[in-house]
Visitor: 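Shown below is the structure under consideration.
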2 protein chains.
Amino acid sequence: MLDNTDIKILDELSKNSRITMKELGEKVHLTGPATSARVEKLEDSGVIEGYTIKINQAKLGFNIHAFITIITQSTNHKPYLSFIKTQEQYLVSNYKISGDGCYLLECKFPSNELMNQFLEELNEHANYKLSIVINK
Amino acid sequence: MLDNTDIKILDELSKNSRITMKELGEKVHLTGPATSARVEKLEDSGVIEGYTIKINQAKLGFNIHAFITIITQSTNHKPYLSFIKTQEQYLVSNYKISGDGCYLLECKFPSNELMNQFLEELNEHANYKLSIVINK
DNA sequence: CTGTTTGACTTTATTATTGAAAGGAGTTAA
DNA sequence: TTAACTCCTTTCAATAATAAAGTCAAACAG
């Protein structure tokens with residue numbers, strides 16, 4: 001399905017998705033159009049889901065990076081799920097997990113105050129365990 | 001520091017980082033060169049850390065998405081840290097955290113067998129708690 | 001009040017890239 | 001052998017990026 005050239009293309013696009021097809025072609029020993037055709041195939045097959053940027057969230061003021069394990073008491077998760085939908089400004093991701101807890105939230109907060117407020121509102125719907133990221 | 005136009009630029013680039021500067025300019029009501037200058041400023045200031053792609057890892061065979069909380073018994077973390085450096089093919093991220101555990105690992109595995117093997121080797125250096133992602 | 005500087009933008013013109021079309025080489029199957 | 005297919009290259013027209021010059025308004029010093 002994917003050969004070494006495709007893997008190399010994915011690798012290079014991961015490092016710099018704004019590279020020109022011509023330049024990417026040079027890295028994988030193909031011409032621009034050939035490279036472009038391969039990239040289009042990777043898009044169509046769904047291997048490449050999209051092109052995006054890495055944003056330094058700390059520079060936008062979101063300095064606190066937290067993982068929150070959610071334990072819902074109730075069997076009805078809807079109140080919890082609709083609550084987190086209202087908190088998209090903080091949420092990076094919400095994962096349903098097996099193991100310890102029901103969900104794992106990855107969040108970024110600009111201050112302890114706003115995190116505290118979030119946690120208080122969260123507590124109306126579920127219990128949680130908080131882990132703060134110190135370093136990556 | 002950042003005005004609404006910059007925020008809009010970041011938003012559009014997050015959705016599609018391969019958009020042309022001309023097209024991006026139309027979305028924020030600027031010309032191509034003006035947009036390009038703003039993007040360059042965002043790069044220089046470090047707000048934009050890089051351009052990348054979203055890869056569907058499941059299509060590459062990495063179907064198992066796991067979060068692993070690490071609890072090291074020993075105060076010397078070096079053996080653990082050098083072990084995970086050898087496992088980069090599975091590791092998405094390693095976070096040092098406060099709270100429950102010392103580290104949080106985010107990993108992707110192609111099979112239960114390989115995950116099991118990873119966990120057995122991991123267990124030589126640290127205890128862990130495993131959470132498997134069921135849905136995002 | 002006037003003149004200067006600065007920053008952010010537009011316009012213009014050159015250069016580079018993209019994308020479409022045509023064609024070649026190698027592989028497979030009837 | 002021939003036809004169909006895939007994957008690539010070459011060519012060229014359309015488009016975008018980039019550099020340079022010019023415009024405009026705000027801030028500020030004399």
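The shown structure was predicted, so the numbers you read here are calculated from the model rather than taken from an experiment. By convention in this document, chain letters (A, B, ...) are assigned in the order of the sequence lines, proteins followed by strands, and residues within each chain are numbered from 1.
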Visitor: Send over the distance from B/K22 NZ to D/dA14 P, rounded to a whole Å.
Guide: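 Rounded to the whole Å, the gap is 14 Å.
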Visitor: Exactly one of B/Y80, B/F83, B/F118 should register a ring-ring contact (aromatic ring centres under 6.0 Å, His included) with B/H125. Which one does?
Guide: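 Output: one option passes, namely B/F83.
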Visitor: Can you tell me how far P of C/dT17 sits from CD1 of A/I19, to the nearest Å?
Guide: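 In whole Å, C/dT17 P lies 11 Å from A/I19 CD1.
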Visitor: Picking from D/dA17, C/dC9, C/dA8, which would you name as closest to the side chain of B/T20?
Guide: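 Nearest to the side-chain atoms of B/T20, counting from C-beta on, is D/dA17.
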Visitor: Round to the nearest Å and state the distance from B/E26 atom CD to C/dT10 atom C1'.
Guide: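 Taking atom C1' of C/dT10 as the reference, CD of B/E26 is at 15 Å.
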Visitor: Under 6.0 Å between the ring centres of B/Y95 and A/F67?
Guide: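 Centroid distance B/Y95-A/F67: below 6.0 Å, so yes.
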Visitor: In whole angstrom, what separates A/E23's CD from C/dA16's P?
Guide: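 In whole Å, C/dA16 P and A/E23 CD are 13 Å from each other.
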Visitor: Just compare D/dC8, D/dT10, C/dT17 and give me whichever is closest to any side-chain atom of A/L30.
Guide: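 Shortest atom-to-atom distance from the side chain points to D/dC8.
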Visitor: Nearest heavy-atom pair of B/T52 and A/S14: which atoms, and what distance?
Guide: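 Smallest heavy-atom distance, with atoms named: OG1-O, 2.8 Å.
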Visitor: Whole Å only: how far is the CZ atom of B/R18 from the P atom of D/dT15?
Guide: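 To the nearest whole Å, that distance equals 18 Å.
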Visitor: Can you confirm whether the side chains of A/E106 and A/H65 place a donor and an acceptor under 3.5 Å from each other?
Guide: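 Distance-only check passes for A/E106 and A/H65.
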Visitor: Could you give the NE2-to-P distance, from A/H29 to D/dC8, as a whole number of Å?
Guide: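 Nearest whole value for this atom pair: 13 Å.
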Visitor: Which of the following nucleotides, C/dT18, D/dT11, C/dC9, is nearest to the side chain of B/A34?
Guide: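 Closest nucleotide to the B/A34 side chain: C/dC9.
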Visitor: Can a side chain N or O of A/K41 be found less than 4.0 Å away from OP1 or OP2 on D/dC7?
Guide: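 Yes.
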Visitor: Strictly below 4.0 Å: does A/T31 bring a side-chain N or O up to OP1 or OP2 of D/dT9?
Guide: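 It does, given that an N or O in the side chain of A/T31 lies less than 4.0 Å from OP1 or OP2 of D/dT9.
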Visitor: Round to a whole Å and report the spacing from CE of A/M21 to C1' of C/dT18.
Guide: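 That distance rounds to 10 Å.
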Visitor: Side chain of A/P33: nearest nucleotide among C/dC9, D/dA17, D/dT10?
Guide: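 Closest nucleotide among those given: D/dT10.
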